[in-house]
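As structure tokens, the structure follows; a few thoughts come after it.
One-based numbering, in listed order, for ligands and for the atoms of each. Quick caveat, the model's predicted, so the values are computed rather than measured.
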Amino acid sequence: MAEDFDVKMESKVYYPDPSIKETVRMGDYEAVYNEFIQDPQAYWEKVANELKWMQKWDKVMEWDHPYARWFVNSKLNITQNCLDRHVHNGKKNKVAIIWVGDGGEERVFTYRQLYREVMRCANGLKSMGVKKGDAVCIYMPLVPEQIILTLACARIGAIHSIVFAGFGTQALNSRIKDSNAKIVVTADATIRRGKRVELKAIVEEAVVNAPSVEKIVVLRRMTPPMELYSEMEVDYHEMLSDIPECGPEVMDAEDPLFILYTSGTTGPAKGIVHTCGGYMVGAYYSTRNVFDLRDNDVFWCTADPGWITGHSYIIYGPLLNGGTVLITESTPDYPDAGVWWSIIDEFDVTIFYTAPTAIRMFMRMGADWPNKYDLGSLRLLGSVGEPLNPEAFEWYYHVIGKERCPIVDTWWQTETGMHMITTMAGQPMKPGFIGKSLPGVVADVVDKNGVPVPAGTGGFLVIKEPWPSMMRTVHNNDERYRQYWTTIGKYYTAGDLAVKDDDGYIMILGRSDDVIIVAGHNIGSAEVESALVSNAAVAEAAVIGKPHPLKGEILKAFVILRVGYTPSEKLKSELIYHVRMSLGPIAMPSEIDFVDSLPKTRSGKIMRRVLRAKELGMDPGDVSTLED
Ligand code: WTA
């Protein structure tokens with residue numbers, strides 16, 4: 001439990017230049033928070049009124065614990081706010097997307113161009129029979145078409161389910177099946193470090209035993225173009241219609257916009273469902289205020305749209321605000337460790353949003369790389385996905401931000417849709433601490449009964465009140481949704497352990513469940529275990545997270561072999577390869593130990609906590625439920 005953590009509560013404090021507080025939109029955090037807490041619904045209504053609706057709501061919110069409806073009975077289409085609004089308000093020729101390829105190639109889309117491409121794609125999807133409410137699985141590299149497809153789905157009311165292209169066959173298959181996807185869109189390949197990495201081959205295997213899939217659309221990027229065989233396969237460009245206009249589907253605020261899968265403690269990944277109205281308001285609001293996004297900003301979020309960070313802060317948030325986003329298919333160390341800094345220099349990036357793993361990797365490669373480039377365009381830095389340790393904070397602040405740029409360390413989840421906790425630009429920053437609730441959010445640290453714990457005592461991170469972009473259900477598993485809101489009192493339980501200091505700043509201590517965060521990506525122990533057990537050699541497996549200086553945590557597996565198999569280095573490699581093929585490279589165990597038994601409760605549940613304590617030389621805590 002939380003008390004096991006040795007927490008250093010004192011932290012250095014960085015006071016940003018007062019000019020920042022005066023110029024950013026939410027410089028006066030306390031005043032804005034007070035305005036929110038006095039009348040939460042009026043606060044959110046004011047935000048929603050900044051956007052375009054086909055029909056406004058009868059009521060801002062209806063709360064029937066644990067079910068919320070936001071902007072009740074309103075009608076909208078999120079793409080009208082991402083595209084039409086800007087095209088018709090003088091931003092036709094403003095740059096919406098700058099794409100940089102792995103080899104430095106560039107593609108630029110103005111709002112007008114993006115609008116036309118989305119409409120052609122939306123008409124194309126329609127011509128293939130995709131209708132409102134149908135699910136479309138997008139398994140694509142980070143290219144503009146990935147964004148175009150996402151928006152095209154939203155335009156016609158289809159539910160997009162983006163799957164990160166680093167996932168393997170098994171992971172993709174289970175996501176396609178759970179979402180009942182009618183169409184899967186992919187590309188022939190992605191380019192990583194100058195090399196071609198096949199994607200379509202994975203899709204071919206993943207659609208076997210997925211009867212809902214009618215067509216596979218393939219973006220062919222390579223020359224000579226890959227052959228398309230069966231009648232099921234359609235070329236992306238042939239699917240596009242010539243007509244660059246497509247009326248927006250009328251969506252109720254509570255109609256689903258997308259499903260996005262995230263790893264859980266037990267069983268397969270959970271399909272988190274977000275809806276059109278509330279999600280739109282949350283993504284718009286947080287981008288506008290946490291990043292203080294302005295008209296002349298160039299905003300670079302290094303995530304992939306396959307994760308929630310990409311949904312909210314590459315696609316929807318920036319486009320809802322009429323911003324300019326930069327995306328790149330490139331990796332941070334190819335062709336050399338200066339490539340990302342060269343992109344900031346070349347494109348005058350003003351806001352840079354990345355993950356602690358990347359920052360730690362850059363730290364290790366040394367300050368000489370960023371120092372070669374002019375980073376003077378930067379004005380705000382962000383971090384997300386895992387704890388930003390004080391050493392990484394310091395490096396980011398001094399070497400990249402040159403002590404000028406505030407750092408917003410943003411805590412949130414796939415389930416929350418938008419940022420929940422951060423230190424707003426202009427506020428004092430404490431390395432190691434995230435900060436406080438965003439205005440609009442009521443976060444706290446409580447004990448298992450829901451009672452707030454005093455400063456300095458570890459507890460569970462909860463959100464006490466509903467917010468517009470909260471998930472509405474877990475697809476095909478509403479019971480699992482209810483658990484989020486019924487585990488600790490009537491609060492939303494985030495699954496993280498945290499502690500507050502005397503100023504109310506929150507520090508994240510880690511997960512309270514068996515989700516492991518490797519390089520900022522959530523990996524469910526259960527998913528990796530079941531991938532291992534699907535190998536003929538494995539009888540039982542348990543997977544834990546082990547601290548790692550660069551990646552935050554790595555996966556370590558304990559494996560009991562079936563009779564007839566003997567432990568060997570070769571078998572270890574085979575098992576690692578097996579997980580790579582089924583779940584993808586991001587879920588590969590870094591270490592495997594062959595063991596004769598695993599610690600279990602009397603009911604047969606593996607006690608990963610005990611394994612982890614033993615591995616790390618820690619006290620295993622309460623072991624009274626241990627079998628022997
Ligand atoms: C962790 C990513 C510390 C946390 C947006 C959370 C963080 C999980 C931070 C959600 C942060 C996210 N500091 N930990 N700034 N941001 N986390 O769903 O454990 O991929 O519960 O959403 O990542 O991961 P998810």
Original post:
Any side-chain heavy-atom pair from Tyr505 and Pro428 closer than 4.5 angstrom?
Top reply: yes
Subject >> Top protein contact for atom 21 (O) of ligand 1, by heavy-atom distance >> reply: Arg511 NH1, 2.7 Å
Subject >> Any side-chain heavy-atom pair of Gln146 and Ile138 under 4.5 Å >> reply: yes
Subject >> Test of proximity, Ser383 against ligand 1: N or O pairs below 3.5 Å >> reply: no
**OP:** Verify the distance criterion only: is there a donor paired with an acceptor across the side chains of Thr423 and Tyr29 at less than 3.5 Å?
**Re:** no
Original post:
Does the salt bridge (Lys or Arg N to Asp or Glu O under 4.0 Å) test come out yes or no for Asp503 and Lys436, once each step is laid out?
Top reply: CA-CA 9 Å; Asp503 297 327; Lys436 300 187 194 179; over 6 Å; no
Original post:
Is atom CE of Met581 surrounded by more than 12 heavy atoms (other residues, nucleotides or ligands) closer than 6.0 Å?
Top reply: no
**OP:** Could you check if a side-chain atom of Asp292 sits within less than 4.5 angstrom of a side-chain atom of Met26, using non-hydrogen atoms only?
**Re:** no
Subject >> Closest protein heavy atom to atom 10 (C) of ligand 1, given as residue, atom name and distance to 0.1 Å >> reply: Trp412 O, 3.6 Å
Original post:
Among all protein non-hydrogen atoms, which one is nearest to atom 18 (O) of ligand 1, and what is the separation to 0.1 Å?
Top reply: Thr414 OG1, 2.6 Å
**OP:** Examine the proximity of ligand 1 to Thr410 and report which part, side chain or backbone, both or neither, has a heavy atom under 4.0 Å away.
**Re:** backbone
Original post:
Relative to atom 16 (N) of ligand 1, which among Ala494, Pro387, Gly385 owns the nearest non-hydrogen atom?
Top reply: Gly385
Original post:
Is any NZ, NE, NH1 or NH2 atom of the basic residue among Arg175 and Glu527 found under 4.0 Å from an Asp or Glu carboxylate oxygen of the other?
Top reply: yes
Original post:
Please state which protein non-hydrogen atom is closest to atom 19 (O) of ligand 1 and give its distance, to 0.1 Å?
Top reply: Asp496 OD2, 2.8 Å
Original post:
Which of the atoms of ligand 1 are close to Asp409, meaning less than 4.0 Å from one of its heavy atoms?
Top reply: 11 (C), 15 (N)
Original post:
Going by the atom numbers of ligand 1, which of them fall below 4.0 Å from some non-hydrogen atom of Val384?
Top reply: 5 (C)
Original post:
Heavy atom under 4.0 Å from ligand 1: found in Thr309's side chain, backbone, both, or neither?
Top reply: side chain
Original post:
Quick one: does Trp411 get a heavy atom under 4.0 Å from ligand 1?
Top reply: yes
Subject >> ligand 1 contact on Glu386 by region, counting heavy-atom pairs under 4.0 Å >> reply: backbone
Original post:
For ligand 1, which atoms sit closer than 4.0 Å to a heavy atom of Ile434?
Top reply: 11 (C), 13 (N), 15 (N)
Original post:
Heavy atoms, side chains only, cut-off 4.5 Å: are Ser469 and Thr416 in contact?
Top reply: no
**OP:** Check ligand 1 against Asn522 and write out every atom of the ligand that is under 4.0 Å from a heavy-atom position of the residue.
**Re:** 10 (C), 18 (O), 20 (O), 24 (O), 25 (P)
Original post:
Would you call Arg612 and Glu553 a salt bridge, using N to O less than 4.0 angstrom?
Top reply: yes
I'd like a table of donor-acceptor pairs (distance under 3.5 Å, sequence neighbours excluded) in which one partner is a side-chain atom from residues 542-549, with atom names and distances.
unit_1, atom_1, unit_2, atom_2, d
Lys546, NZ, Glu591, OE1, 3.0
Lys546, NZ, Glu591, OE2, 3.3
Lys546, NZ, Glu615, OE2, 2.9
His548, ND1, Leu550, N, 3.2
His548, ND1, Lys551, N, 3.0

Subject >> Identity and distance of the protein heavy atom lying nearest atom 8 (C) of ligand 1 >> reply: Ile517 CD1, 3.8 Å
